[in-house]
Amino acid sequence: EHSARLPATERVDALELLSQEGYLHARPDLAIPARQAALVVRRAHGDPLATSASVRWLSRLCWWSGDRAGAEAAGDEAITVLDGVPAGRELAMALSNRSQLAMLAQQDEQATVWAERAIELAERLGDVETLVHATTNLGSVLVRDEPERGRALLEDAAERTMAAGFDEHACRALTNAAWSARDTGDLAYARATTRRGLAYAEAHEQSTFAQYIG
């Protein structure tokens with residue numbers, strides 16, 4: 001409530017941190033307005049890298065709150081704002097975000113194309129976080145038709161993210177593995193992975209995923 005007293009650079013950082021914490025703790029009432037306010041500053045300053053990263057977060061928040069159209073519009077902006085900028089981590093994550101949106105809509109062909117583009121760029125950059133994010137998307141698509149291959153990718157993503165301390169990504173990989181196992185009727189694996197994912201989410205204060213997977 002006192003953010004107006006901060007210099008613009010400090011205010012935008014604080015707003016983005018507030019938005020991220022709101023997401024982790026299942027508080028869309030904090031997460032979305034804070035991210036939108038941060039984007040006003042980011043766009044005004046004309047920094048395409050920071051703008052892309054922040055609007056990509058807005059895309060995730062829009063999907064989380066049920067605004068599919070807003071999620072896709074923000075996801076597209078996260079890519080287009082990088083036109084003319086050398087390909088880097090921001091683009092890789094923006095591509096992976098579009099893959100995630102397509103995967104969630106069961107648009108498997110599009111999700112695979114976006115994921116493979118993100119994986120190729122992430123590998124070239126040595127960007128482990130984006131690599132496991134995109135691998136989770138790809139595994140979540142493949143598990144529908146190739147359960148063993150898809151599950152192996154999701155398990156690998158979960159193990160790598162836990163080892164690296166990427167708690168949100170680990171929760172997402174475990175959640176997707178559990179839900180896909182339910183869909184394919186492998187209830188023993190679904191129950192075990194649900195318990196594993198819930199325990200991890202609770203231990204690492206990932207309230208959003210604890211609510212979702214539980």
Between Leu39 and Thr51, is a side-chain contact (heavy atoms from CB on, under 4.5 Å) present by the stated rule, with each step listed?
CA-CA 7 Å; Leu39 273 167; Thr51 300; 4.3 Å; yes

With side-chain contact (heavy atoms from CB on, under 4.5 Å) as the criterion, how do Val55 and Arg43 come out once you've worked through the C-alpha distance, each side chain's angles and the decisive distance to 0.1 Å?
CA-CA 10 Å; Val55 79; Arg43 290 177 176 128; 3.8 Å; yes

Taking [X] for the side chain and [Y] for the main chain, is one N or O donor matched with an acceptor at less than 3.5 Å?
X     : Y     : value
Ser54 : Ala50 : no
Ser96 : Ala92 : no
Ser19 : Ile32 : no

Which heavy atom in [X] sits nearest to a heavy atom in [Y], and how many Å separate them?
X      : Y      : value
Arg68  : Ala105 : NH2-CB, 3.4 Å
Ala111 : Val141 : CB-CG2, 3.7 Å
Leu138 : Ala115 : CB-CB, 4.2 Å
Arg89  : Leu125 : N-CD1, 3.5 Å
Leu61  : Ala31  : CD1-O, 3.6 Å
Asp186 : Arg151 : OD2-NH2, 2.9 Å

Going by an N to O cut-off under 4.0 Å, is there a salt bridge joining Arg42 and Asp13?
yes

Electrostatic pair Glu16-Arg56, nearest N-O below 4.0 angstrom:
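Salt bridge: no.
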
Derivation and outcome, side-chain hydrogen bond (donor to acceptor under 3.5 Å, both in side chains), residues Arg172 and Asn137:
CA-CA 10 Å; Arg172 190 169 75 91; Asn137 300 332; 2.9 Å; yes

Taking [Y] as the starting point, is it possible to reach [X] by hopping between hydrophobic residues whose side chains are less than 4.5 Å apart?
X      : Y      : answer
Val85  : Val81  : yes
Leu49  : Leu95  : yes
Phe209 : Met103 : yes

Can you confirm whether Leu131 sits close enough to Arg160 that some side-chain heavy atom of one is under 4.5 Å from a side-chain heavy atom of the other?
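Leu131 vs Arg160: side chains touch.
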
Arg117, CZ atom: more than 12 neighbouring heavy atoms under 6.0 Å:
no

More than 12 heavy atoms of other residues, nucleotides or ligands under 6.0 Å from CD of Glu205: yes or no?
no

Approximate separation, where rounding is to 0.5 Å, of [X] [atom1] and [Y] [atom2]:
X      : Y      : atom1 : atom2 : value
Arg196 : Thr193 : CZ    : OG1   : 6.5 Å
Thr135 : Glu123 : OG1   : CD    : 7.5 Å
Glu72  : Glu77  : CD    : CD    : 14.0 Å
Leu154 : Leu142 : CG    : CG    : 9.0 Å
Arg60  : Asn97  : CZ    : CG    : 8.5 Å
Leu91  : Thr130 : CG    : OG1   : 10.0 Å

Who pairs with His169 by side-chain contact (heavy atoms from CB on, under 4.5 Å), at least two apart in sequence or on another chain?
Glu129, His133, Thr161, Phe166

Thr194 and Arg182: side-chain donor and acceptor closer than 3.5 Å?
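Yes, side-chain donor-acceptor contact under 3.5 Å.
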
With sequence neighbours left out, which residue pairs that include part of residues 101-111 fulfil the side chain to side chain donor-acceptor pair (under 3.5 Å) condition?
Asp108-Arg144

Check the angle between the aromatic planes of Trp64 and Tyr23 and answer parallel, tilted or perpendicular using the 30° and 60° thresholds.
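Because their plane-to-plane angle is over 60°, the rings of Trp64 and Tyr23 count as perpendicular.
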
Would you sort out whether Trp114 and Ile79 count as a side-chain contact (heavy atoms from CB on, under 4.5 Å), showing the intermediate values?
CA-CA 12 Å; Trp114 288 114; Ile79 296 173; 3.7 Å; yes

